[in-house]
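Heads up, the thing below is written out as C-alpha coordinates.
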Number of protein chains: 2
Amino acid sequence: MPDTVATPPRRADSLTRDTIIDAAIALLDTAGEGGLTFRALAARLATGAGAIYWHVADKDDLFTAASDAIVARAMDGAPHGDTPQAGIRAVALAMFEAMDAHPWLGSALSRAPGQLPTVRILERLGRQVDALGVPPNGQWLAACTLLNYLLGVSGQNAANAVIAREKGLERAHVLDTMAGVWSRLDAQAFPFARKVAGQLRAHDDREDFLAGIDLIVHGMQALQEGR
Amino acid sequence: MPDTVATPPRRADSLTRDTIIDAAIALLDTAGEGGLTFRALAARLATGAGAIYWHVADKDDLFTAASDAIVARAMDGAPHGDTPQAGIRAVALAMFEAMDAHPWLGSALSRAPGQLPTVRILERLGRQVDALGVPPNGQWLAACTLLNYLLGVSGQNAANAVIAREKGLERAHVLDTMAGVWSRLDAQAFPFARKVAGQLRAHDDREDFLAGIDLIVHGMQALQEGR
DNA sequence: ACCTGAACACCGTTCAAGT
DNA sequence: ACCTGAACACCGTTCAAGT
(Lines give C-alpha, C1' and ligand atoms only; values in the text may rest on other atoms or scores of the structure.)
Protein backbone atom coordinates (compact mmCIF):
# COMPACT_ATOMS: atom_id res chain seq x y z
CA MET A 1 0.00 0.00 0.00
CA PRO A 2 1.91 3.09 -1.23
CA ASP A 3 1.83 6.14 0.98
CA THR A 4 1.09 8.46 -1.91
CA VAL A 5 -2.35 6.94 -2.32
CA ALA A 6 -3.18 6.00 1.25
CA THR A 7 -2.77 9.54 2.66
CA PRO A 8 -6.08 10.91 3.97
CA PRO A 9 -8.02 13.38 1.82
CA ARG A 10 -6.37 16.57 2.88
CA ARG A 11 -7.18 19.93 1.34
CA ALA A 12 -4.82 20.70 -1.53
CA ASP A 13 -4.75 24.35 -0.48
CA SER A 14 -3.95 25.03 3.13
CA LEU A 15 -6.21 27.17 5.26
CA THR A 16 -5.56 30.91 5.00
CA ARG A 17 -7.11 33.97 6.56
CA ASP A 18 -8.18 35.05 3.07
CA THR A 19 -9.65 31.67 2.23
CA ILE A 20 -11.66 31.80 5.42
CA ILE A 21 -12.86 35.35 4.75
CA ASP A 22 -13.94 34.45 1.23
CA ALA A 23 -15.84 31.44 2.53
CA ALA A 24 -17.45 33.61 5.19
CA ILE A 25 -18.61 36.09 2.54
CA ALA A 26 -20.06 33.30 0.44
CA LEU A 27 -21.84 31.90 3.46
CA LEU A 28 -23.22 35.29 4.46
CA ASP A 29 -24.43 35.95 0.93
CA THR A 30 -26.25 32.65 0.62
CA ALA A 31 -27.42 31.96 4.16
CA GLY A 32 -27.72 35.47 5.54
CA GLU A 33 -26.35 37.01 8.69
CA GLY A 34 -27.52 34.15 10.87
CA GLY A 35 -25.92 31.64 8.54
CA LEU A 36 -22.39 32.61 9.50
CA THR A 37 -21.47 29.92 11.97
CA PHE A 38 -18.12 28.41 12.84
CA ARG A 39 -19.59 24.97 12.28
CA ALA A 40 -21.08 25.84 8.90
CA LEU A 41 -17.88 27.58 7.93
CA ALA A 42 -15.77 24.61 9.00
CA ALA A 43 -17.97 22.28 6.96
CA ARG A 44 -17.61 24.49 3.89
CA LEU A 45 -13.84 24.59 4.34
CA ALA A 46 -13.66 20.86 5.10
CA THR A 47 -11.94 21.43 8.42
CA GLY A 48 -12.69 21.51 12.13
CA ALA A 49 -14.34 24.44 13.83
CA GLY A 50 -11.30 25.02 16.00
CA ALA A 51 -8.95 25.34 13.04
CA ILE A 52 -10.50 28.64 12.07
CA TYR A 53 -9.40 30.17 15.35
CA TRP A 54 -5.80 29.79 14.31
CA HIS A 55 -6.32 32.43 11.61
CA VAL A 56 -9.09 34.53 13.09
CA ALA A 57 -9.46 36.00 16.58
CA ASP A 58 -13.20 35.50 17.00
CA LYS A 59 -16.49 35.93 15.23
CA ASP A 60 -16.42 39.72 15.38
CA ASP A 61 -12.98 39.72 13.80
CA LEU A 62 -14.25 37.46 11.03
CA PHE A 63 -17.40 39.50 10.46
CA THR A 64 -15.60 42.82 10.18
CA ALA A 65 -12.83 41.27 8.06
CA ALA A 66 -15.53 40.06 5.66
CA SER A 67 -17.05 43.53 5.54
CA ASP A 68 -13.64 45.12 5.07
CA ALA A 69 -12.96 42.99 2.01
CA ILE A 70 -16.22 44.16 0.47
CA VAL A 71 -15.68 47.81 1.38
CA ALA A 72 -12.10 47.82 0.08
CA ARG A 73 -13.29 46.44 -3.25
CA ALA A 74 -16.13 48.96 -3.39
CA MET A 75 -13.82 51.89 -2.67
CA ASP A 76 -11.32 50.70 -5.29
CA GLY A 77 -14.08 50.46 -7.85
CA ALA A 78 -15.63 53.85 -7.13
CA PRO A 79 -14.71 56.47 -9.71
CA HIS A 80 -13.03 59.59 -8.33
CA GLY A 81 -15.45 61.91 -10.09
CA ASP A 82 -14.92 65.09 -12.06
CA THR A 83 -16.16 67.26 -9.24
CA PRO A 84 -16.06 66.71 -5.47
CA GLN A 85 -19.83 66.39 -5.46
CA ALA A 86 -19.63 63.67 -8.10
CA GLY A 87 -16.89 61.96 -6.11
CA ILE A 88 -19.01 61.87 -2.96
CA ARG A 89 -21.93 60.55 -4.98
CA ALA A 90 -19.71 57.87 -6.48
CA VAL A 91 -18.56 56.68 -3.06
CA ALA A 92 -22.15 56.59 -1.85
CA LEU A 93 -23.31 54.74 -4.93
CA ALA A 94 -20.51 52.18 -4.65
CA MET A 95 -21.49 51.55 -1.05
CA PHE A 96 -25.14 51.21 -1.99
CA GLU A 97 -24.31 48.62 -4.62
CA ALA A 98 -22.17 46.74 -2.12
CA MET A 99 -25.00 46.80 0.43
CA ASP A 100 -27.40 45.63 -2.22
CA ALA A 101 -25.19 42.69 -3.16
CA HIS A 102 -24.32 41.87 0.46
CA PRO A 103 -27.30 42.73 2.66
CA TRP A 104 -25.41 41.83 5.83
CA LEU A 105 -22.85 44.59 5.20
CA GLY A 106 -24.69 47.28 7.10
CA SER A 107 -24.90 45.10 10.16
CA ALA A 108 -21.18 44.43 10.09
CA LEU A 109 -20.36 48.11 9.67
CA SER A 110 -22.62 49.05 12.56
CA ARG A 111 -20.70 46.76 14.86
CA ALA A 112 -17.20 47.96 13.99
CA PRO A 113 -17.07 51.69 14.74
CA GLY A 114 -13.76 53.33 13.94
CA GLN A 115 -12.44 50.11 12.45
CA LEU A 116 -10.84 49.76 9.04
CA PRO A 117 -14.00 49.36 6.96
CA THR A 118 -15.56 52.59 8.16
CA VAL A 119 -12.22 54.40 8.04
CA ARG A 120 -11.91 53.50 4.36
CA ILE A 121 -15.23 55.18 3.68
CA LEU A 122 -14.45 58.19 5.84
CA GLU A 123 -11.12 58.60 4.07
CA ARG A 124 -12.73 58.82 0.67
CA LEU A 125 -15.47 61.12 1.86
CA GLY A 126 -13.02 63.33 3.71
CA ARG A 127 -10.79 63.88 0.71
CA GLN A 128 -13.76 64.99 -1.36
CA VAL A 129 -14.93 67.25 1.43
CA ASP A 130 -11.49 68.83 1.38
CA ALA A 131 -11.59 69.21 -2.40
CA LEU A 132 -14.98 70.82 -2.08
CA GLY A 133 -13.36 73.67 -0.20
CA VAL A 134 -14.79 73.02 3.24
CA PRO A 135 -12.47 74.80 5.68
CA PRO A 136 -10.17 72.52 7.72
CA ASN A 137 -12.05 73.00 10.97
CA GLY A 138 -15.29 71.86 9.34
CA GLN A 139 -13.98 68.79 7.53
CA TRP A 140 -14.30 66.39 10.44
CA LEU A 141 -17.92 67.32 10.95
CA ALA A 142 -18.81 67.20 7.26
CA ALA A 143 -17.19 63.83 6.64
CA CYS A 144 -18.66 62.32 9.82
CA THR A 145 -22.13 63.53 8.98
CA LEU A 146 -21.96 61.89 5.57
CA LEU A 147 -20.55 58.70 7.09
CA ASN A 148 -23.15 58.50 9.86
CA TYR A 149 -25.97 59.04 7.39
CA LEU A 150 -24.53 56.29 5.20
CA LEU A 151 -24.22 53.96 8.17
CA GLY A 152 -27.78 54.72 9.25
CA VAL A 153 -29.16 53.77 5.85
CA SER A 154 -27.03 50.66 5.59
CA GLY A 155 -28.06 49.53 9.05
CA GLN A 156 -31.75 49.87 8.25
CA ASN A 157 -31.31 48.09 4.93
CA ALA A 158 -29.51 45.22 6.64
CA ALA A 159 -32.27 44.91 9.23
CA ASN A 160 -34.90 44.90 6.50
CA ALA A 161 -33.03 42.11 4.77
CA VAL A 162 -32.97 40.05 7.97
CA ILE A 163 -36.71 40.49 8.44
CA ALA A 164 -37.46 39.64 4.82
CA ARG A 165 -35.35 36.49 5.08
CA GLU A 166 -36.83 35.37 8.38
CA LYS A 167 -40.36 35.72 7.12
CA GLY A 168 -39.42 34.42 3.69
CA LEU A 169 -40.99 37.43 2.05
CA GLU A 170 -40.06 39.80 -0.72
CA ARG A 171 -38.68 43.14 0.31
CA ALA A 172 -41.53 44.87 -1.53
CA HIS A 173 -44.10 42.89 0.41
CA VAL A 174 -42.49 43.76 3.75
CA LEU A 175 -42.59 47.45 2.81
CA ASP A 176 -46.17 47.13 1.68
CA THR A 177 -47.45 45.72 4.95
CA MET A 178 -45.35 48.25 6.88
CA ALA A 179 -46.96 51.08 4.90
CA GLY A 180 -50.33 49.59 5.75
CA VAL A 181 -49.53 49.74 9.44
CA TRP A 182 -48.38 53.34 9.17
CA SER A 183 -51.54 54.43 7.41
CA ARG A 184 -53.64 52.86 10.17
CA LEU A 185 -51.83 54.62 13.04
CA ASP A 186 -53.74 57.01 15.25
CA ALA A 187 -54.60 60.12 13.27
CA GLN A 188 -54.02 62.48 16.19
CA ALA A 189 -50.66 61.08 17.23
CA PHE A 190 -49.17 60.20 13.84
CA PRO A 191 -50.35 62.61 11.15
CA PHE A 192 -46.97 62.77 9.45
CA ALA A 193 -46.40 59.02 9.39
CA ARG A 194 -49.84 58.52 7.86
CA LYS A 195 -49.15 61.20 5.29
CA VAL A 196 -45.91 59.61 4.10
CA ALA A 197 -47.05 55.98 4.27
CA GLY A 198 -47.54 56.05 0.51
CA GLN A 199 -43.98 57.24 -0.03
CA LEU A 200 -42.73 54.44 2.18
CA ARG A 201 -44.48 52.00 -0.13
CA ALA A 202 -43.41 53.58 -3.41
CA HIS A 203 -39.97 54.97 -2.68
CA ASP A 204 -36.79 53.89 -4.43
CA ASP A 205 -34.06 53.02 -1.93
CA ARG A 206 -31.18 54.00 -4.15
CA GLU A 207 -32.62 57.32 -5.29
CA ASP A 208 -33.63 58.35 -1.79
CA PHE A 209 -30.24 57.40 -0.43
CA LEU A 210 -28.43 59.51 -3.01
CA ALA A 211 -30.87 62.38 -2.56
CA GLY A 212 -30.07 62.38 1.14
CA ILE A 213 -26.36 62.56 0.32
CA ASP A 214 -27.04 65.51 -1.96
CA LEU A 215 -29.02 67.19 0.80
CA ILE A 216 -26.09 66.94 3.19
CA VAL A 217 -23.66 68.20 0.56
CA HIS A 218 -25.93 71.19 0.01
CA GLY A 219 -25.80 71.84 3.73
CA MET A 220 -22.01 71.82 3.62
CA GLN A 221 -21.99 74.31 0.81
CA ALA A 222 -24.50 76.54 2.58
CA LEU A 223 -22.32 76.49 5.69
CA GLN A 224 -19.33 77.57 3.60
CA GLU A 225 -20.91 80.49 1.84
CA GLY A 226 -23.40 82.29 4.03
CA ARG A 227 -23.15 82.55 7.79
CA MET B 1 -51.49 23.57 58.87
CA PRO B 2 -53.53 26.54 57.60
CA ASP B 3 -53.61 27.07 53.86
CA THR B 4 -53.10 30.80 54.22
CA VAL B 5 -49.57 30.25 55.48
CA ALA B 6 -48.58 27.12 53.54
CA THR B 7 -49.17 28.62 50.08
CA PRO B 8 -45.92 28.84 48.11
CA PRO B 9 -44.20 32.23 47.79
CA ARG B 10 -45.99 33.60 44.80
CA ARG B 11 -45.34 37.06 43.40
CA ALA B 12 -47.79 39.57 44.82
CA ASP B 13 -47.99 41.34 41.49
CA SER B 14 -48.76 39.12 38.51
CA LEU B 15 -46.57 39.15 35.45
CA THR B 16 -47.40 41.85 32.92
CA ARG B 17 -45.99 42.88 29.60
CA ASP B 18 -45.03 46.21 31.14
CA THR B 19 -43.42 44.60 34.16
CA ILE B 20 -41.35 42.45 31.84
CA ILE B 21 -40.34 45.41 29.69
CA ASP B 22 -39.29 47.43 32.75
CA ALA B 23 -37.22 44.51 34.01
CA ALA B 24 -35.66 44.14 30.56
CA ILE B 25 -34.67 47.81 30.55
CA ALA B 26 -33.15 47.51 34.02
CA LEU B 27 -31.23 44.42 32.91
CA LEU B 28 -29.99 46.08 29.73
CA ASP B 29 -28.88 49.17 31.63
CA THR B 30 -26.90 47.23 34.21
CA ALA B 31 -25.64 44.23 32.26
CA GLY B 32 -25.47 45.61 28.74
CA GLU B 33 -26.88 44.32 25.50
CA GLY B 34 -25.51 40.83 26.06
CA GLY B 35 -27.03 40.73 29.52
CA LEU B 36 -30.59 40.53 28.24
CA THR B 37 -31.33 36.83 28.55
CA PHE B 38 -34.58 35.03 29.12
CA ARG B 39 -32.99 33.15 31.99
CA ALA B 40 -31.61 36.29 33.63
CA LEU B 41 -34.90 38.04 33.09
CA ALA B 42 -36.83 35.12 34.58
CA ALA B 43 -34.55 35.14 37.62
CA ARG B 44 -35.09 38.85 38.10
CA LEU B 45 -38.85 38.40 37.80
CA ALA B 46 -38.84 35.31 40.01
CA THR B 47 -40.51 33.19 37.38
CA GLY B 48 -39.72 30.57 34.76
CA ALA B 49 -38.17 31.42 31.43
CA GLY B 50 -41.17 30.09 29.57
CA ALA B 51 -43.61 32.36 31.41
CA ILE B 52 -42.21 35.38 29.63
CA TYR B 53 -43.31 33.99 26.30
CA TRP B 54 -46.92 34.31 27.37
CA HIS B 55 -46.58 38.11 27.27
CA VAL B 56 -43.89 38.60 24.67
CA ALA B 57 -43.51 37.07 21.20
CA ASP B 58 -39.76 36.59 21.21
CA LYS B 59 -36.51 38.33 22.03
CA ASP B 60 -36.77 40.81 19.16
CA ASP B 61 -40.23 41.79 20.31
CA LEU B 62 -38.91 42.34 23.82
CA PHE B 63 -35.88 44.30 22.67
CA THR B 64 -37.83 46.70 20.47
CA ALA B 65 -40.56 47.04 23.10
CA ALA B 66 -37.88 48.10 25.58
CA SER B 67 -36.51 50.63 23.11
CA ASP B 68 -40.00 51.88 22.33
CA ALA B 69 -40.66 52.63 25.98
CA ILE B 70 -37.47 54.71 26.11
CA VAL B 71 -38.18 56.51 22.85
CA ALA B 72 -41.77 57.29 23.79
CA ARG B 73 -40.59 58.83 27.05
CA ALA B 74 -37.88 60.80 25.25
CA MET B 75 -40.30 62.17 22.68
CA ASP B 76 -42.81 63.15 25.36
CA GLY B 77 -40.07 64.97 27.22
CA ALA B 78 -38.66 66.83 24.24
CA PRO B 79 -39.77 70.47 24.10
CA HIS B 80 -41.55 71.49 20.93
CA GLY B 81 -39.28 74.45 20.34
CA ASP B 82 -40.00 78.05 19.42
CA THR B 83 -38.80 77.54 15.86
CA PRO B 84 -38.82 74.41 13.70
CA GLN B 85 -35.03 74.36 13.85
CA ALA B 86 -35.16 74.43 17.64
CA GLY B 87 -37.78 71.68 17.58
CA ILE B 88 -35.60 69.42 15.47
CA ARG B 89 -32.66 70.12 17.75
CA ALA B 90 -34.77 69.30 20.78
CA VAL B 91 -35.79 65.94 19.34
CA ALA B 92 -32.19 65.16 18.49
CA LEU B 93 -30.99 66.20 21.93
CA ALA B 94 -33.67 64.13 23.66
CA MET B 95 -32.58 61.12 21.64
CA PHE B 96 -28.95 61.74 22.46
CA GLU B 97 -29.72 61.86 26.17
CA ALA B 98 -31.71 58.64 25.87
CA MET B 99 -28.82 56.95 24.03
CA ASP B 100 -26.45 58.21 26.66
CA ALA B 101 -28.53 56.78 29.49
CA HIS B 102 -29.28 53.53 27.64
CA PRO B 103 -26.31 52.67 25.45
CA TRP B 104 -28.08 49.65 23.96
CA LEU B 105 -30.78 51.88 22.45
CA GLY B 106 -29.04 52.39 19.13
CA SER B 107 -28.65 48.69 18.63
CA ALA B 108 -32.34 48.10 19.26
CA LEU B 109 -33.34 50.89 16.86
CA SER B 110 -31.09 49.53 14.16
CA ARG B 111 -32.83 46.19 14.29
CA ALA B 112 -36.39 47.47 14.09
CA PRO B 113 -36.70 49.46 10.85
CA GLY B 114 -40.08 51.00 10.26
CA GLN B 115 -41.30 49.86 13.67
CA LEU B 116 -42.93 52.03 16.29
CA PRO B 117 -39.79 53.43 17.93
CA THR B 118 -38.37 54.82 14.71
CA VAL B 119 -41.80 55.98 13.55
CA ARG B 120 -42.15 58.02 16.74
CA ILE B 121 -38.92 59.84 15.90
CA LEU B 122 -39.81 60.27 12.24
CA GLU B 123 -43.18 61.69 13.23
CA ARG B 124 -41.64 64.40 15.36
CA LEU B 125 -38.99 65.23 12.79
CA GLY B 126 -41.51 65.25 9.96
CA ARG B 127 -43.82 67.71 11.65
CA GLN B 128 -40.95 70.12 12.21
CA VAL B 129 -39.82 69.69 8.62
CA ASP B 130 -43.32 70.62 7.55
CA ALA B 131 -43.32 73.65 9.85
CA LEU B 132 -39.99 74.67 8.39
CA GLY B 133 -41.70 75.14 5.05
CA VAL B 134 -40.18 72.26 3.15
CA PRO B 135 -42.54 71.60 0.23
CA PRO B 136 -44.70 68.45 0.55
CA ASN B 137 -42.76 66.48 -2.05
CA GLY B 138 -39.51 67.04 -0.15
CA GLN B 139 -40.71 66.23 3.34
CA TRP B 140 -40.23 62.49 3.12
CA LEU B 141 -36.65 62.93 2.02
CA ALA B 142 -35.83 65.57 4.61
CA ALA B 143 -37.30 63.65 7.54
CA CYS B 144 -35.70 60.36 6.44
CA THR B 145 -32.30 61.99 6.05
CA LEU B 146 -32.48 63.35 9.57
CA LEU B 147 -33.69 59.99 10.89
CA ASN B 148 -31.04 57.96 9.10
CA TYR B 149 -28.30 60.25 10.34
CA LEU B 150 -29.65 59.92 13.86
CA LEU B 151 -29.79 56.14 13.54
CA GLY B 152 -26.26 56.05 12.18
CA VAL B 153 -24.89 57.94 15.15
CA SER B 154 -26.88 55.91 17.65
CA GLY B 155 -25.72 52.65 16.10
CA GLN B 156 -22.07 53.66 16.32
CA ASN B 157 -22.51 54.84 19.89
CA ALA B 158 -24.11 51.56 20.86
CA ALA B 159 -21.30 49.58 19.26
CA ASN B 160 -18.73 51.69 21.07
CA ALA B 161 -20.49 50.96 24.33
CA VAL B 162 -20.39 47.22 23.64
CA ILE B 163 -16.67 47.35 22.92
CA ALA B 164 -15.95 49.45 26.01
CA ARG B 165 -17.92 47.02 28.17
CA GLU B 166 -16.31 43.91 26.70
CA LYS B 167 -12.83 45.24 27.23
CA GLY B 168 -13.77 46.81 30.53
CA LEU B 169 -12.38 50.16 29.44
CA GLU B 170 -13.47 53.74 29.63
CA ARG B 171 -15.01 55.19 26.52
CA ALA B 172 -12.28 57.84 26.44
CA HIS B 173 -9.58 55.20 26.51
CA VAL B 174 -11.15 53.28 23.63
CA LEU B 175 -11.27 56.48 21.59
CA ASP B 176 -7.70 57.26 22.51
CA THR B 177 -6.26 53.97 21.28
CA MET B 178 -8.44 54.18 18.18
CA ALA B 179 -7.01 57.62 17.42
CA GLY B 180 -3.56 56.15 17.86
CA VAL B 181 -4.27 53.51 15.24
CA TRP B 182 -5.62 56.12 12.83
CA SER B 183 -2.55 58.30 13.16
CA ARG B 184 -0.31 55.32 12.36
CA LEU B 185 -2.15 54.33 9.19
CA ASP B 186 -0.31 54.43 5.88
CA ALA B 187 0.37 58.05 4.94
CA GLN B 188 -0.26 57.48 1.23
CA ALA B 189 -3.52 55.62 1.62
CA PHE B 190 -5.05 57.41 4.60
CA PRO B 191 -4.05 61.07 4.65
CA PHE B 192 -7.44 62.28 5.77
CA ALA B 193 -7.85 59.73 8.57
CA ARG B 194 -4.41 60.69 9.89
CA LYS B 195 -5.28 64.35 9.70
CA VAL B 196 -8.46 63.99 11.73
CA ALA B 197 -7.17 61.44 14.26
CA GLY B 198 -6.74 64.26 16.74
CA GLN B 199 -10.37 65.30 16.34
CA LEU B 200 -11.45 61.72 16.91
CA ARG B 201 -9.63 61.84 20.23
CA ALA B 202 -10.84 65.26 21.30
CA HIS B 203 -14.33 65.51 19.86
CA ASP B 204 -17.49 65.89 21.92
CA ASP B 205 -20.12 63.35 20.91
CA ARG B 206 -23.08 65.50 21.77
CA GLU B 207 -21.84 68.65 20.10
CA ASP B 208 -20.81 66.85 16.94
CA PHE B 209 -24.12 65.05 16.78
CA LEU B 210 -26.07 68.30 17.03
CA ALA B 211 -23.77 70.03 14.57
CA GLY B 212 -24.50 67.28 12.06
CA ILE B 213 -28.23 67.82 12.57
CA ASP B 214 -27.73 71.55 11.94
CA LEU B 215 -25.76 70.76 8.80
CA ILE B 216 -28.63 68.71 7.41
CA VAL B 217 -31.17 71.38 8.35
CA HIS B 218 -29.05 73.92 6.49
CA GLY B 219 -29.16 71.63 3.47
CA MET B 220 -32.92 71.52 3.63
CA GLN B 221 -33.11 75.28 3.74
CA ALA B 222 -30.69 75.60 0.85
CA LEU B 223 -32.81 73.22 -1.23
CA GLN B 224 -35.88 75.33 -0.50
CA GLU B 225 -34.44 78.68 -1.47
CA GLY B 226 -31.93 78.38 -4.28
CA ARG B 227 -31.93 75.80 -7.08
C1' DA C 1 3.18 25.54 12.88
C1' DC C 2 -1.09 24.08 12.00
C1' DC C 3 -5.10 21.19 12.42
C1' DT C 4 -8.79 18.03 14.76
C1' DG C 5 -12.98 17.41 17.18
C1' DA C 6 -14.81 16.52 21.58
C1' DA C 7 -16.22 19.19 25.49
C1' DC C 8 -17.86 23.32 28.05
C1' DA C 9 -20.85 26.82 29.11
C1' DC C 10 -23.98 28.96 27.40
C1' DC C 11 -28.20 30.50 24.30
C1' DG C 12 -33.66 31.10 22.43
C1' DT C 13 -37.61 28.57 22.20
C1' DT C 14 -41.06 24.88 22.97
C1' DC C 15 -44.29 22.30 25.42
C1' DA C 16 -46.27 18.85 28.50
C1' DA C 17 -47.73 19.41 32.86
C1' DG C 18 -49.47 21.94 36.50
C1' DT C 19 -52.65 25.75 39.04
C1' DA D 1 -55.68 32.00 31.58
C1' DC D 2 -51.40 31.87 33.18
C1' DC D 3 -47.26 29.77 34.92
C1' DT D 4 -43.40 26.08 35.54
C1' DG D 5 -39.13 24.09 34.27
C1' DA D 6 -37.16 20.35 31.89
C1' DA D 7 -35.82 19.39 27.21
C1' DC D 8 -34.34 20.42 22.42
C1' DA D 9 -31.47 22.18 19.11
C1' DC D 10 -28.50 25.01 18.62
C1' DC D 11 -24.42 28.55 19.56
C1' DG D 12 -19.01 30.58 20.28
C1' DT D 13 -14.94 29.20 22.18
C1' DT D 14 -11.32 26.28 24.29
C1' DC D 15 -7.92 22.87 24.46
C1' DA D 16 -5.70 18.37 24.81
C1' DA D 17 -4.16 15.64 21.39
C1' DG D 18 -2.47 14.81 17.05
C1' DT D 19 0.60 15.70 12.49
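By convention in this document, chain letters (A, B, ...) are assigned in the order of the sequence lines, proteins followed by strands, and residues within each chain are numbered from 1.
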Could you state the [atom1]-[atom2] distance from [X] to [N], rounded to the nearest angstrom?
X       : N      : atom1 : atom2 : answer
A:Asp61 : D:dG12 : CG    : P     : 14 Å
A:Leu45 : C:dC2  : CG    : C1'   : 15 Å
A:Arg17 : C:dC2  : CZ    : C1'   : 16 Å
A:Phe38 : D:dC15 : CZ    : P     : 15 Å
B:Lys59 : C:dT14 : NZ    : C1'   : 17 Å
B:Phe63 : C:dG12 : CZ    : P     : 12 Å

(Q) Can you give me the closest heavy-atom contact between B:Lys195 and A:Gln139, atom names plus distance? (A) NZ-OE1, 3.0 Å
**Q.** Shortest non-hydrogen contact from B:Gln156 toward A:Leu109
**A.** OE1-O, 3.6 Å
Q. Angle class for the A:Trp140/B:His203 ring planes (parallel below 30°, perpendicular above 60°, tilted otherwise)?
A. tilted
Using the 3.5 Å cut-off, write out each protein N or O paired with an N or O of nucleotides 7-9 of chain C and the distance between them.
none

Q | Side-chain ion pair, A:Asp61 and A:Arg17, N-O less than 4.0 Å | A | yes
Q | Those residues of residues 50-58 of chain B lying under 4.0 Å from DNA chain D by at least one heavy atom | A | B:Gly50, B:Ala51, B:Trp54, B:His55
Q | Stems involving DNA chain D, each a run of at least 3 consecutive Watson-Crick or G-U pairs under 3.5 Å | A | C:4-8 with D:12-16, C:12-16 with D:4-8
Q.
Of the listed nucleotides (D:dG12, C:dC3, D:dC3), which one gets closest to any side-chain atom of B:Leu15?
A. D:dC3
Q: Would you give the length of the straight line joining atom CD of B:Gln115 to atom CG of B:Asp68, rounded to the nearest 0.5 angstrom?
A: 9.5 Å
(Q) Working to the nearest 0.5 angstrom, can you tell me the gap between B:Asp18 CG and B:Asp22 CG? (A) 6.5 Å
Q | Any residue meeting salt bridge (charged side-chain N to carboxylate O under 4.0 Å, His left out) with B:Arg201, in chain and number order, not counting sequence neighbours | A | B:Asp176
Q: Would you indicate whether the side-chain heavy atoms of A:Asp204 and A:Phe209 approach each other to under 4.5 Å?
A: no
Q) Is any side-chain heavy atom of A:Trp104 less than 4.5 Å from a side-chain heavy atom of A:Ser67? A) yes
**Q.** salt bridge (Lys or Arg N to Asp or Glu O under 4.0 Å) partners of residues 103-118 of chain B, not counting sequence neighbours, each pair once
**A.** B:Glu33-B:Arg111
(Q) Going by ring pair (Phe, Tyr, Trp, His ring centres under 6.0 Å), name the residues that satisfy it together with B:Phe38, two or more places apart in sequence or in a different chain. (A) B:Tyr53
**Q.** Sugar-phosphate, base or nothing in reach of A:Leu36, heavy atoms under 4.0 Å
**A.** sugar-phosphate
